[in-house]
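Report on the following structure.
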Amino acid sequence: MINKANIGIVDILLLGTMLLFLVELLFLNTGLLIFSVIFILLVYFGKKTYYRPRGKFMFWVGAFFLAVTVMNTIAFKVLLMVGVIYFVYKWYKSKQDPAYYAPQFTEHEPDEPEKIVRKKVVFTNNWFGEQKTPPRAYEWQDVNIQTAVGDVIIDLNYTVIPKSEPVVVIRNLVGNVQIRVPYDVEVSVHHSVMFGTVKILDHVEPNVWNKVLHLETPNYSDTNQKVKIFTSMVVGKIEVIRG
């Protein structure tokens with residue numbers, strides 16, 4: 001099961017970085033804002049015409065220079081520094097208190113090797129491009145991914161939702177997230193966005209600015225067929241639909 005406390009810390013760091021990034025763009029370096037908008041438009045229109053050589057060229061040029069622009073910002077450097085401090089702290093804490101990180105396992109013979117099974121995953125971390133579940137039956141696995149620019153499409157109609165509380169975690173910079181949920185499955189959605197559109201079942205907000213939302217269906221707490229969704233993005237749309 002994914003540690004929800006860690007999810008909260010990561011989301012806070014991402015939100016703080018996004019706010020610092022916006023302050024830098026709007027007040028400290030407006031030229032950076034102009035270039036960022038140009039590169040985002042290149043990525044957007046390049047994706048729309050990606051099937052053409054010109055579209056591919058626009059997409060990758062825009063994506064490359066957008067990534068370079070972001071990495072040269074103060075916000076990115078602060079996030080990198082905070083990330084290093086955080087992981088050093090976790091490492092130091094684990095050395096001071098082994099129980100801080102050590103999971104509990106069933107006792108076995110000392111000379112018996114521990115067996116670890118590597119399972120095939122449906123999604124991986126991608127810098128660019130679209131990811132989606134296969135259009136056929138697949139085995140359910142909790143989702144925990146990060147992307148830079150691209151769309152994520154998850155269709156839960158082709159899998160069997162476990163009786164526990166399965167989790168979907170998606171962190172995206174620019175792009176759309178669409179999750180199709182069967183009619184007999186309840187959902188809880190935690191969504192953080194700087195600017196975008198929210199469409200969660202019958203709840204629609206077309207222009208959301210710097211907002212954190214927590215929405216869930218009325219029977220979520222009383223059923224076994226349910227899924228918990230965590231999403232965060234800078235610019236994009238989240239869509240949770242039935243069918």
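Being a predicted model, the structure only gives us computed values, none of them experimental.
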More than 12 foreign heavy atoms under 6.0 Å from [atom1] of [X]: is that the case here?
X	atom1	value
Phe65	CZ	no
Arg242	CZ	yes
Lys56	NZ	yes

Measure the [atom1]-[atom2] distance between [X] and [Y] for me, rounded to the nearest 0.5 Å.
X	Y	atom1	atom2	result
Ile145	Gln131	CD1	CD	5.0 Å
Leu213	His203	CG	NE2	5.5 Å
Thr231	Ile238	OG1	CD1	3.5 Å
Phe59	Thr49	CZ	OG1	11.0 Å
Met194	Leu173	CE	CG	12.0 Å

Path from [X] to [Y] over hydrophobic side-chain contacts below 4.5 Å:
X	Y	value
Tyr44	Val61	yes
Ile170	Val208	yes
Phe57	Val68	yes
Val152	Leu156	yes
Phe64	Ile38	yes

Any side-chain to backbone donor/acceptor pair from [X] onto [Y]? Under 3.5 Å, distance only.
X	Y	value
Thr197	Pro206	yes
Asn157	Gly243	yes
Asp151	Gly175	no

- Do Arg171 and Phe230 come close enough that some side-chain heavy atom pair is under 4.5 Å?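 Heavy-atom side-chain distance check fails, nothing below 4.5 Å.
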- Query: Are the side chains of His191 and Val193 in touch, meaning some heavy atoms are under 4.5 Å apart?
  - Reply: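 Answer yes - side chains close enough.
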Could you tell me which non-hydrogen atom of [X] sits nearest to which non-hydrogen atom of [Y], and how far apart they are?
X	Y	result
Phe45	Met58	CB-CE, 3.7 Å
Lys199	Leu201	NZ-O, 3.7 Å
Gly62	Val43	C-CG2, 3.5 Å

- Item | Ile40 vs Leu42, side-chain contact (heavy atoms from CB on, under 4.5 Å): CA-CA, chis, key distance, verdict | CA-CA 5 Å; Ile40 289 174; Leu42 281 175; over 6 Å; no
- Evaluate side-chain contact (heavy atoms from CB on, under 4.5 Å) for Thr133 paired with Ile153, printing each intermediate quantity in order. CA-CA 7 Å; Thr133 51; Ile153 302 173; 5.7 Å; no
- Can the ring centroids of Tyr138 and Tyr158 be said to lie less than 6.0 angstrom from one another? no
Which donor-acceptor pairs under 3.5 Å do side chains of residues 176-190 form with protein atoms, sequence neighbours excluded?
unit_1, atom_1, unit_2, atom_2, d
Asn176, OD1, Lys237, N, 3.1
Gln178, NE2, Glu239, OE1, 3.1
Glu186, OE1, Thr217, OG1, 2.5
Ser188, OG, His214, NE2, 3.2
Ser188, OG, Glu216, OE1, 3.3
His190, NE2, His214, NE2, 3.2

- Message: Please determine whether side-chain contact (heavy atoms from CB on, under 4.5 Å) holds for the pair Asp142 and Asn144, giving the CA-CA distance in whole Å, both sets of side-chain angles, and the decisive distance to 0.1 Å.
- Response: CA-CA 7 Å; Asp142 284 349; Asn144 183 17; over 6 Å; no
- Task: Decide side-chain contact (heavy atoms from CB on, under 4.5 Å) for Phe195 and Asn207; before the verdict, give the C-alpha distance in whole Å, the side-chain angles of both, and the deciding distance to 0.1 Å.
- Result: CA-CA 7 Å; Phe195 180 75; Asn207 296 303; 4.2 Å; yes
- Query: Without hydrogens or angle criteria, can the side chains of Asn172 and Thr147 be said to hold a donor-acceptor pair below 3.5 Å?
  - Reply: yes
